[in-house]
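Here the structure is a predicted model, which means the values were calculated and not measured.
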Amino acid sequence: MAKFLTNREENYSQWYNDLVIKADLAENSAVRGCMVIKPYGYAIWEKIQAELDRLFKETGHVNAYFPLFIPKSFFSKEAAHVEGFAKECAVVTHYRLKNDENGKGIVVDPAAKLEEELIIRPTSETIIWNSYKNWIQSYRDLPILINQWANVVRWEMRTRLFLRTAEFLWQEGHTAHATRQEAMEETERMINVYASFAENSMALPVIKGYKSENERFAGALDTFAIEALMQDGKALQAGTSHFLGQNFAKAFDVQFTDKTGKLDYVWATSWGVSTRLMGAIIMGHADNNGLILPPKLAPIQVVIIPIYRNEEQLSEISVKAEKIKKEFLALGISVKYDDRDNNKPGWKFADYELKGVPVRLALGPRDIENGTVEVARRDTLAKETVSIEGIAGHVKKLLDDIQENIYRRAFEFRNENTFRIDKWDDFVSVLENQGGFIMAHWDGTAETEEKIKELTKATIRCIPFDSPEEEGKCIYTGKPSKRRVLFARSY
RNA sequence: CGGGGUGUAGCGCAGCCCGGUUAGCGCAUCUGGUUUGGGACCAGAGGGCCGCAGGUUCGAAUCCUGCCACCCCGACCA
């Protein structure tokens with residue numbers, strides 16, 4: 001089986017690329033590093049969006065929209081921020097084209113040079129804080145809890161569908177608060193929202209923690225992240241939440257009068273997840289037969305495939321199938337009845353497996369006769385024949401079961417591939433031979449972190465919130481350390 | 001951005017080294033028929049600016065130059 005997919009064990013990254021293309025999620029476009037997200041892939045993104053949007057609103061946030069373009073001068077107001085993003089910015093310098101004088105197509109009109117160049121947003125802190133300046137005068141104007149769904153551009157050297165593209169879709173929350181504590185609470189709240197989304201909806205266990213100074217967001221005082229382990233033993237940063245302190249308020253001069261009448265700078269956070277989550281879902285669950293979508297994010301949760309020898313049988317099956325379909329819809333289960341006659345059932349079975357549809361029902365003459373239906377689950381590929389009576393309830397439970405099972409599977413995989421390591425040689429050999437998460441001591445210096453990265457390509461993914469205090473010696477320098485941190489090679 | 005590879009029908013590829021009839025194969029597509037419980041079969045048909053732009057030549061998919069895109073390995077990064 002799976003003769004259309006590269007084997008995962010043979011070539012992991014080719015397997016990933018094949019899967020994205022063959023499951024019809026996305027493809028490369030004519031523009032370097034930019035992808036076309038195809039309807040099936042976009043449908044998954046829409047499910048992700050819908051659930052996250054619900055969670056954001058539940059925690060008091062509202063949506064708004066800010067411009068795609070950021071004047072260059074805004075960008076340079078926060079020093080660390082510009083430093084971090086300068087190398088990957090797309091810049092608009094002109095606003096008009098004209099016919100080439102040699103009659104060969106069109107050229108940029110040099111007369112139409114912009115007074116001030118516009119940066120295509122790689123992230124929106126600066127353009128947003130420029131607005132916040134006008135919105136905030138008093139503590140009564142706070143907090144501001146805004147999220148925006150947008151596209152951003154980061155001119156990446158090397159791109160991969162969903163994991164790293166020059167343009168990507170994301171959401172970015174930008175909040176403003178009266179106190180340090182409130183902003184810190186918000187930063188924590190949102191990393192928790194991301195973590196529970198990852199675990200409950202994406203069925204992927206994640207580790208929450210602080211980023212080391214090196215890995216922090218440009219302009220942040222603290223960055224929290226969730227890190228997931230992929231099947232090839234590499235880590236994927238799945239979401240970040242930043243405590244920005246008063247950096248952007250100071251850069252954009254956003255002050256407010258507090259309850260005591262004193263002027264102070266506003267405290268800020270920002271937080272985001274992107275279409276990269278698609279990559280996490282793929283690499284977290286999929287197998288050699290294709291995608292395995294968590295039922296909660298599957299655009300099609302159940303597919304019904306008719307098996308028939310003639311038109312008569314088909315119409316009989318179709319009547320039954322449409323009836324079942326209604327029962328599913330009544331329970332809020334999304335279902336597709338695939339009665340296309342250009343492919344045989346076996347072809348459809350393989351195709352829906354490739355696309356990761358959690359549950360497949362096959363309905364044939366045998367079933368019509370016996371009042372049964374064949375139920376196949378994508379996660380285990382197990383098949384059973386059950387009574388057609390009460391099928392919707394049965395499948396609903398099965399979907400919950402699949403959601404739970406793939407989470408458990410990913411959880412066990414992560415546990416089996418998380419190592420507590422105290423010797424440098426072991427550290428290197430685990431990274432070389434199997435990958436995975438490594439919990440090891442670190443002396444807390446950026447130099448050591450840098451050196452370890454240089455030698456092993458592993459970085460500190462995060463300092464887990466729940467990493468207990470424990471006396472130890474740095475894995476590389478042997479200097480004293482108070483807690484273990486999470487190392488891994490990463491995407 | 002450095003090193004390596006690739007680009008020929010919707011997809012996967014052969015042809016290129018050594019220039020020369022009408023550019024070929026498999027899958028897919030269309031038509032007709034037989035089929036349909038794990039990627040069906042037979043017969044026929046359609047589909048090509050040989051990545052793009054220049055150059056060499058009587059003649060270029062094939063040789064040369066430039067550009068574009070993709071893949072792999074580095075540096076950078078969500």
Side-chain angles (χ1 to χ4, degrees), chain A residues 1-6 11-14 16-18 21-22 24 27-35 84-89 104-105 122-123 152-172 194 211 214-218 223 225-228 235-242 270-280 289-290 305-311 313-314 317 339-354 360-370 372-374 376 381 383 385 453-454 457 459 461 490-491:
Chain A
M1 221 182 271
K3 47 187 154 183
F4 298 91
L5 258 190
T6 301
N11 186 340
Y12 191 87
S13 81
Q14 191 59 48
Y16 175 83
N17 290 333
D18 277 8
I21 302 291
K22 302 216 162 112
D24 221 17
E27 63 188 25
N28 283 302
S29 69
V31 184
R32 179 201 186 86
C34 295
M35 65 180 162
F85 285 103
K87 284 168 287 180
E88 50 187 35
C89 284
K104 304 214 167 163
T123 180
V152 287
V153 169
R154 297 183 186 176
W155 212 262
E156 299 290 350
M157 291 303 164
R158 214 171 135 193
T159 59
R160 291 190 73 189
L161 292 170
F162 291 120
L163 295 175
R164 176 164 296 107
T165 46
E167 179 194 19
F168 56 93
L169 304 183
W170 76 345
Q171 58 69 216
E172 46 182 330
Y194 288 155
K211 282 288 179 187
N214 273 354
E215 301 276 331
R216 225 172 255 165
F217 177 75
T223 289
I226 52 172
E227 294 285 331
L236 185 79
Q237 178 175 306
T240 47
S241 182
H242 314 292
S270 69
W271 27 274
V273 298
S274 71
T275 33
R276 177 177 247 203
L277 292 181
M278 298 284 294
N289 295 314
I305 295 171
I307 295 157
Y308 55 93
R309 286 174 196 284
N310 51 49
E311 283 299 317
Q313 281 182 347
L314 176 62
I317 289 164
D339 61 351
R340 291 175 302 169
D341 71 346
N342 55 342
N343 293 114
K344 288 182 50 166
W347 191 94
K348 293 179 186 173
F349 291 173
D351 194 50
Y352 288 106
E353 274 162 19
L354 184 60
R360 180 186 75 231
L361 304 186
L363 205 51
R366 221 155 63 195
D367 299 299
I368 297 296
E369 198 173 315
N370 303 331
T372 59
V373 58
E374 184 187 83
L381 297 174
K383 290 191 280 198
T385 299
K453 182 178 176 185
E454 193 185 308
K457 292 185 209 158
T459 50
R461 300 320 305 154
S490 73
Y491 278 98

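Rounded to whole Å, the C1' atom of B/G12 lies 14 Å from the corresponding atom of B/U6. Going from the C1' atom of B/C17 to that of B/U21 covers 22 Å, rounded to whole Å. Nucleotides B/C30 and B/G47 place their P atoms 16 Å apart, quoted to the nearest Å. B/A61 and B/C50 have their P atoms separated by 7 Å, with the value rounded to a whole Å. Taking atom C1' on both B/C13 and B/G48, the two are 15 Å apart, rounded to the nearest angstrom. Taking atom C1' in both B/C72 and B/G26, the straight-line distance is 27 Å, to the nearest Å. Across B/C27 and B/A9, the matching C1' atoms stand 12 Å from one another, rounded to whole Å. B/A45 and B/G3 are spaced 48 Å apart, taking the C1' atom of each and rounding to whole Å.
Residue-level contact check: A/L236 touches neither bases nor backbone, having no heavy atom under 4.0 Å from any strand. As judged by a 4.0 angstrom heavy-atom cut-off over every strand, A/Q237 is placed among residues touching the sugar-phosphate backbone only. Residue contacts for A/F168: at a heavy-atom cut-off of 4.0 Å it reaches a base atom on one of the strands shown. Across all strands, A/T165 comes closer than 4.0 Å to base atoms (heavy-atom distances). A/P365 comes within 4.0 angstrom of a base, heavy atoms only.
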Protein-nucleotides 69-73 of chain B N/O pairs closer than 3.5 Å?
unit_1: B/A69; atom_1: OP2; unit_2: A/R32; atom_2: NH1; d: 3.4
unit_1: B/C70; atom_1: OP1; unit_2: A/G33; atom_2: N; d: 2.7
unit_1: B/C70; atom_1: O3'; unit_2: A/N28; atom_2: ND2; d: 3.4
unit_1: B/C72; atom_1: OP1; unit_2: A/S13; atom_2: OG; d: 3.2
unit_1: B/C72; atom_1: OP1; unit_2: A/N17; atom_2: ND2; d: 3.3
unit_1: B/C73; atom_1: OP2; unit_2: A/R158; atom_2: NH2; d: 2.3

Listing time: all N or O pairs from protein to nucleotides 3-10 of chain B that are below 3.5 Å?
none

Enumerate the protein-to-nucleotides 43-46 of chain B contacts in which both atoms are nitrogen or oxygen and the separation is below 3.5 Å.
none

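Judged by distance alone with a 3.5 Å cut-off, a donor-acceptor contact links the side chain of A/D367 to the base of B/G37.
Under the ring-ring contact (aromatic ring centres under 6.0 Å, His included) criterion, A/Y12 pairs with A/W15, not counting sequence neighbours. A/T459 is linked by a side chain to side chain contact (heavy atoms under 4.5 Å, CB included) to A/E215, A/K453, A/R461, A/S490, counting only residues two or more places apart in sequence or in another chain. Annotation: side chain to side chain donor-acceptor pair (under 3.5 Å) contacts of A/Q14 (sequence neighbours excluded): A/D18. Legend: residues meeting side chain to side chain contact (heavy atoms under 4.5 Å, CB included) with A/K457, ordered by chain and number and at least two apart, are A/R489. For A/E369, there are no salt bridge (charged side-chain N to carboxylate O under 4.0 Å, His left out) partners at least two apart in sequence or on another chain. Residues passing the ring-ring contact (aromatic ring centres under 6.0 Å, His included) test with A/W155: none are found, sequence neighbours excluded. A/A166 is linked by a side chain to side chain contact (heavy atoms under 4.5 Å, CB included) to A/C34, counting only residues two or more places apart in sequence or in another chain. A/I307 is linked by a side chain to side chain contact (heavy atoms under 4.5 Å, CB included) to A/P345, A/F349, A/A362, counting only residues two or more places apart in sequence or in another chain. Remark: A/S274 pairs with no residue by the side chain to side chain donor-acceptor pair (under 3.5 Å) rule, at least two apart or across chains.
Here A/F85 contributes atom CZ and A/R154 contributes atom CZ; the two are 4.0 Å apart, rounded to the nearest 0.5 Å. The distance from atom CG of A/L163 to atom CD of A/Q237, rounded to the nearest 0.5 Å, is 12.5 Å. With rounding to the nearest 0.5 Å, the separation of CD in A/E167 from OG1 in A/T159 is 12.5 Å.
As a whole-Å value, the separation of A/N289 CG from B/G38 C1' is 11 Å. In this structure, A/I317 atom CD1 and B/G37 atom P are separated by 12 Å, rounded to whole Å. Straight-line distance from the NZ atom of A/K348 to the C1' atom of B/U35: 14 Å, rounded to whole Å. Regarding A/R366, its CZ atom lies at a distance of 8 Å from the P atom of B/G38, rounded to whole Å. Protein atom CD of A/E156 is 15 Å distant from nucleotide atom C1' of B/G74, rounded to whole Å. Atom CD in A/E374 sits roughly 8 Å away from atom P in B/G38 (whole-Å rounding). Spacing between atom CG of A/D351 and atom C1' of B/U36 amounts to 16 Å, rounded to whole angstrom units. Regarding A/M157, its CE atom lies at a distance of 10 Å from the P atom of B/G2, rounded to whole Å.
Taking only side-chain atoms of A/F349, from C-beta outward, the nucleotide of B/A78, B/G38, B/C76 with the closest atom is B/G38. Considering only side-chain atoms of A/R309, the nucleotide from B/C1, B/G38, B/U36 that sits closest is B/U36. Each of B/A78, B/G38, B/G37 was ranked by its minimum atom distance to the side chain of A/R360; first place goes to B/G38. In the set B/G37, B/U36, B/G38, B/U36 carries the atom at the smallest distance from any side-chain atom of A/Y308.
Pairing partner, B/C58: B/G20, with both Watson-Crick or wobble hydrogen-bond distances short of 3.5 Å. A 3.5 Å limit on both hydrogen-bonding distances identifies B/G5 as the Watson-Crick or G-U partner of B/C70. Taking a pair to require two hydrogen-bonding distances under 3.5 Å in either a Watson-Crick or a G-U wobble arrangement, B/C49 remains unpaired. Remark: B/C30 base-pairs with B/G44. Criterion, Watson-Crick or G-U wobble with two distances under 3.5 Å. For B/G12, the paired base is B/C25 (Watson-Crick or G-U wobble, both distances below 3.5 Å).
Of the possible donor and acceptor atoms, none in the side chain of A/T275 sits under 3.5 Å from a partner among the backbone N and O of A/F168. Under the 3.5 Å distance criterion, the side-chain polar atoms of A/Y308 are left unmatched by any main-chain donor or acceptor of A/L363.
Listed pair A/K344 / B/A40 meets the phosphate criterion, a side-chain N or O lying under 4.0 Å from OP1 or OP2.
The 5' end of RNA chain B is approached more closely, in terms of each residue's nearest nucleotide, by A/E454 than by the other of A/T240 and A/E454. Residue-to-nucleotide proximity on RNA chain B shows that, of A/N342 and A/L363, the 5′-proximal contact is made by A/N342.
A salt bridge links A/E353 with A/R360: the distance from a Lys NZ or Arg NE/NH1/NH2 to an Asp or Glu carboxylate oxygen falls below 4.0 Å.
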